[in-house]
Amino acid sequence: MIFVDDLPFSTHTHSSSTSLGKDILLALLENPVLVSASSSFKANPEKKFSVFDESNPERSKVVYIFQREYATVNPEFVDFVGTDEATTCVGLVIRNRRNGMISVAHMDSPEIVETGLSQMLSLLVDDSTEIEFDVHLVGGFEDVSPQHDNVTTGSESDADLDGYSFPLCTKIVQTLWTREEKFHIKTLCVLGHNTRRDLDGITFPFFNGFVVDTTTGILVPASFDRSSRCPDEIIRRIRISTSYEDTHWNGKLLETYDTGTDRFKIAPCRWTLRQYQIALSHQHYSDSEILSICSTSPTAEAPDFVDTLRRNWNYMIEHPHWMETFPKNQPRIFERGTDGRWRRC
């Protein structure tokens, strides 16, 4: 159930099951309250995170989320939770209005939305009979226009027609709409609200990331440098790619953060001979070829996109056996030091 401005939201249309999600999304994008909220969000200066930033003597406690991951955080342990590097992906924030617990996910596919939302809510619900949640969606952009008819031809795939951002946003809002919980949408900075164009008309996201202040629940645009995308950056990135071939993670978000202990627990992931061979072959491609092959939005990626992929492949090439990284099939565990930095246990 969706609320806007504390009122139940209605499209005032009788949509078929196939068009329901699209109609809900388009109506929400035109809602004056949410249009104003998107403008207010974009007016905020981007907050930049770096482990090497010494401007604050009391280092903030941050939880960073990679693509396809989620984390539910307790404000008693965590100051900020956020993500970036989103182009066609969407960041989803759900906050329990009563106790302030927050779950953040970096959604990358409609296939993970239903189960992923249940994962996020699993630690947000309590014994209260009536729980209400604040919801924020940030990310995705107009990689293609949503104002077309959904008609496929023999030469056009669904992604060609709909792009990647629009189907993902549609699935998220439709899933929120059909669930029994009360979701108060506070920010919907997606698609057209998160799109800018260069002089050639090429579209880009306004922002690729955000951070949530866990004390207030307020979102602001944010970016993280390599040092702050931690802990265990490379292994977590590799885990994303290997999860697509691991049936255990079908339709699920990746769990990495333990809410109760404020620790990261990176479960073992196995890269196959096939994935090792892909890493070997891809290293021979040019940067432009890698962008074309590996990105859903080649013109909108960050400058370090290709370098990051090459670092991932180099690690797999140098460590072809996953057991070297996960001895005895045990997880890699990181706890927070007194200075706020993560250390491997």
Side-chain angles (χ1 to χ4, degrees), residues 25 28-29 34 37-38 40-42 44 46-49 62-73 78 80-96 101-117 119-121 124 133-143 163-173 175-176 183-196 204-214 216-224 228-229 236-237 240 252-257 296-297 300-302 305:
L25 177 59
L28 287 169
L29 289 169
L34 295 179
S38 290
S40 297
F41 174 80
K42 290 187 289 186
N44 288 301
E46 185 178 71
K47 186 175 180 65
K48 299 183 184 296
F49 284 84
V62 182
V63 168
Y64 180 82
I65 306 301
F66 281 101
Q67 178 180 338
R68 212 177 182 88
E69 291 184 347
Y70 84 102
T72 301
V73 302
V78 179
F80 297 98
V81 54
T83 188
D84 68 348
E85 299 187 310
T87 55
T88 57
C89 297
V90 174
L92 175 63
V93 179
I94 305 177
R95 182 176 187 264
N96 185 317
M101 293 283 286
I102 298 171
S103 192
V104 176
H106 187 131
M107 299 276 191
D108 65 355
S109 167
E111 283 69 38
I112 63 172
V113 170
E114 291 188 16
T115 301
L117 190 57
Q119 290 175 275
M120 297 175 72
L121 290 169
L124 290 181
F133 303 96
D134 287 339
V135 175
H136 307 263
L137 288 86
V138 177
F141 70 110
E142 287 188 342
D143 45 337
Y164 294 91
S165 300
F166 186 72
L168 177 56
C169 292
T170 298
K171 183 65 175 180
I172 293 172
V173 298
T175 304
L176 294 172
F183 298 106
H184 295 259
I185 298 186
K186 312 298 284 187
T187 309
L188 189 67
C189 191
V190 299
L191 300 173
H193 297 314
N194 191 41
T195 300
R196 58 186 176 88
F204 303 84
F206 263 109
F207 296 107
N208 298 93
F210 62 84
V211 70
V212 188
D213 183 323
T214 62
T216 63
I218 293 175
L219 269 70
V220 295
S223 62
F224 298 76
S228 60
R229 294 175 183 142
R236 286 165 70 188
R237 290 187 187 277
I240 296 165
K252 297 180 182 178
L253 292 166
L254 297 174
E255 300 171 350
T256 55
Y257 175 77
T296 58
S297 52
E301 296 293 357
F305 177 82

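Since we're looking at a predicted model, the values are computed, not measured.
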Worked check of side chain to side chain contact (heavy atoms under 4.5 Å, CB included) between L137 and T187: CA-CA 6 Å; L137 288 86; T187 309; over 6 Å; no
Where is the tightest heavy-atom contact between [X] and [Y], given as atom of each residue plus distance?
X	Y	answer
L253	H106	CD2-O, 4.5 Å
V90	C169	CG2-SG, 3.7 Å
L25	L191	CD2-CD1, 3.7 Å
S223	E46	OG-OE1, 3.3 Å
N44	F207	O-CZ, 4.3 Å
C189	F41	SG-CD2, 3.9 Å

Hey, does the side chain of [X] reach the backbone of [Y] with a donor-acceptor pair shorter than 3.5 angstrom?
X	Y	answer
R95	V135	no
T214	V78	yes
N194	G140	yes

Apply side chain to side chain contact (heavy atoms under 4.5 Å, CB included) to the pair L29 and L34, showing each step before the final yes or no. CA-CA 7 Å; L29 289 169; L34 295 179; over 6 Å; no
Could you pull out all residues at least two apart from E255 that satisfy salt bridge (charged side-chain N to carboxylate O under 4.0 Å, His left out)? none
Between [X] and [Y], is any pair of side-chain heavy atoms under 4.5 Å apart?
X	Y	value
I102	T72	no
I65	Y257	no
F80	V63	no

From [atom1] ([X]) to [atom2] ([Y]), nearest 0.5 Å:
X	Y	atom1	atom2	result
S228	Y64	OG	OH	7.5 Å
F66	D84	CZ	CG	8.5 Å
Y70	K252	OH	NZ	9.5 Å
S103	L117	OG	CG	9.0 Å
M107	I172	CE	CD1	5.5 Å
F183	I94	CZ	CD1	5.5 Å

Any salt bridge between R237 and E85, counting N to O under 4.0 Å? yes
Lys/Arg-Asp/Glu bridge criterion (N-O < 4.0 Å) met for K171, E111: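 No.
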Kindly determine whether E114 and T175 satisfy side chain to side chain donor-acceptor pair (under 3.5 Å), including the steps that lead there. CA-CA 6 Å; E114 291 188 16; T175 304; 4.8 Å; no
Parallel, tilted or perpendicular, judged at 30° and 60°: which one describes the rings of F49 and F224?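 Correct class here is parallel.
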If you measure only the distance, is there a donor-acceptor pair under 3.5 Å linking the side chains of S38 and H193? no
Assess the side chains of T296 and T88: does a donor N or O sit below 3.5 Å from an acceptor N or O?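 Judged by distance alone, the side chains do pair up.
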Working note: T87 + N208, criterion side chain to side chain contact (heavy atoms under 4.5 Å, CB included); need CA distance, chi angles, decisive distance, verdict. CA-CA 6 Å; T87 55; N208 298 93; 3.7 Å; yes
Using the test side-chain contact (heavy atoms from CB on, under 4.5 Å), find all partners of T195 that sit at least two apart in sequence or belong to another chain. F141, E142, R197, T203
How would you list, by chain and number, every residue that makes a side-chain contact (heavy atoms from CB on, under 4.5 Å) with D108, sequence neighbours excluded?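 Expected list: Q67, R68, C89, I112, Y244.
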Chi angles and distances behind the side chain to side chain contact (heavy atoms under 4.5 Å, CB included) call for L219, V93: CA-CA 9 Å; L219 269 70; V93 179; 4.1 Å; yes
